Amino acid sequence: MARSKTERPTNGFTVVAAVEAVPAARRQVAALAKNLGLPMSDETLKTVELLASEVIANAVLHSAAPCDVAVTRTDERLRVEVTDTTSSLPSVVEAGPSDERGRGLLLVGALADAWGTKPESWGKTTWFEITPEPSTDGLGNNSAESPSSGAVAVRRTDHEASLASSAESRAPFVPAPAGKRHQAA
């Protein structure tokens, strides 16, 4: 898979098309994140691992092909991008209280400072950003890097952030092809 040019140094790797590869991939994301020079608490690293796991698992499950993972520092944020070969963009589904799946995007939306998707000629890139520690300069700059044309971005609101503490279930995001809804695996 070709990666679009980037202005910032990127640490990346490819994940094989197997759900069993996801735990090692999320640990590798955390290890790469530690090397970017951002202040990272253990709690922040656990959040990065959880979100990476959600996005990587869905890329592997829904594309049935390897995916590329990139870990980058953008200003004062950590950015994780997962590029897969399916063009179906993820969408939020309503999971019932007893459903084991369908909450992945809710977790990403609740725990990430920003996230989105960007169509690519060979598939799509799903990304999220985390601000490792609050700024001490008092400016409170929480603006996400503007996605390029054709990208979809979502920013976390205070209300959505409060949902993060009550999120107990993990499930990956769900791509929703035109006219169809799939329950996440």
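Everything numeric in this text was worked out from a predicted model, so none of it was measured.
For the pair Ala65 and Ala17, the tightest heavy-atom approach, listed with the atom from each and the gap, is C-CB, 3.4 Å. Taking all atoms of both residues into account, the shortest heavy-atom contact from Pro132 to Glu76 is CD-O, 3.3 Å. Across every non-hydrogen atom of Leu45 and Ala30, the tightest pair is CD2-O, 3.9 Å. In terms of heavy atoms, Thr117 sits closest to Trp127 at N-NE1, 3.9 Å. Taking both residues in full, the closest heavy atoms of Ile130 and Val48 are given as CG1-CG2, 4.2 Å, listed atom of the first, atom of the second, then distance. Phe128 approaches Ala112 most closely through the heavy-atom pair CB-CB, 3.9 Å.
Atom CG of residue Asp68 and atom OG1 of residue Thr83 lie 6.0 Å apart, to the nearest 0.5 angstrom. Atoms CD and CZ, on Gln28 and Phe13 in that order, are 4.0 Å from each other to the nearest 0.5 Å. Once rounded to the nearest 0.5 Å, the distance linking CZ of Arg26 with CD of Glu49 reads 6.0 Å. Glu54 contributes atom CD, which lies 12.5 Å from atom OG1 of Thr126 (distance to the nearest 0.5 angstrom). Separating the OG1 atom in Thr74 from the CD atom in Glu81 is a distance of 9.0 Å, to the nearest 0.5 Å.
Under the 4.5 Å side-chain contact rule for hydrophobic residues, Val16 and Val29 do not share a cluster.
For Arg73 (side chain) and Gly37 (main-chain N/O), a donor-acceptor pair under 3.5 Å exists by modelled atom type. Within the 3.5 Å criterion, the main-chain N or O of Thr85 finds no donor-acceptor partner in the side chain of Lys124.
The shortest distance between side-chain heavy atoms of Leu61 and Val19 falls below 4.5 Å. Looking at heavy atoms from C-beta onward, Val108 lies in side-chain contact with Val55 at the 4.5 angstrom threshold. In this structure, the side chains of Cys67 and Val60 come closer than 4.5 Å at one or more pairs of heavy atoms. Proximity of Val69 to Thr14: side-chain heavy atoms (C-beta onward) are nowhere separated by under 4.5 Å.
Applying the side-chain hydrogen bond (donor to acceptor under 3.5 Å, both in side chains) rule to Ser87 yields no partners; only residues at least two apart in sequence or on another chain are considered. Among residues two or more places apart in sequence or in another chain, the side-chain hydrogen bond (donor to acceptor under 3.5 Å, both in side chains) test is passed with Ser41 by Thr44, Glu133. With sequence neighbours excluded, no residue forms a side-chain hydrogen bond (donor to acceptor under 3.5 Å, both in side chains) with Ser63.
Partner of Leu78 under the side-chain contact (heavy atoms from CB on, under 4.5 Å) criterion, out of Asp113, Thr47, Thr131, Leu38: Leu38 alone.
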Worked check of side chain to side chain donor-acceptor pair (under 3.5 Å) between Thr125 and Glu120: CA-CA 7 Å; Thr125 297; Glu120 306 281 2; 2.8 Å; yes

Stepwise side-chain contact (heavy atoms from CB on, under 4.5 Å) check, Asn11 with Leu36: CA-CA 9 Å; Asn11 299 300; Leu36 292 176; 3.3 Å; yes

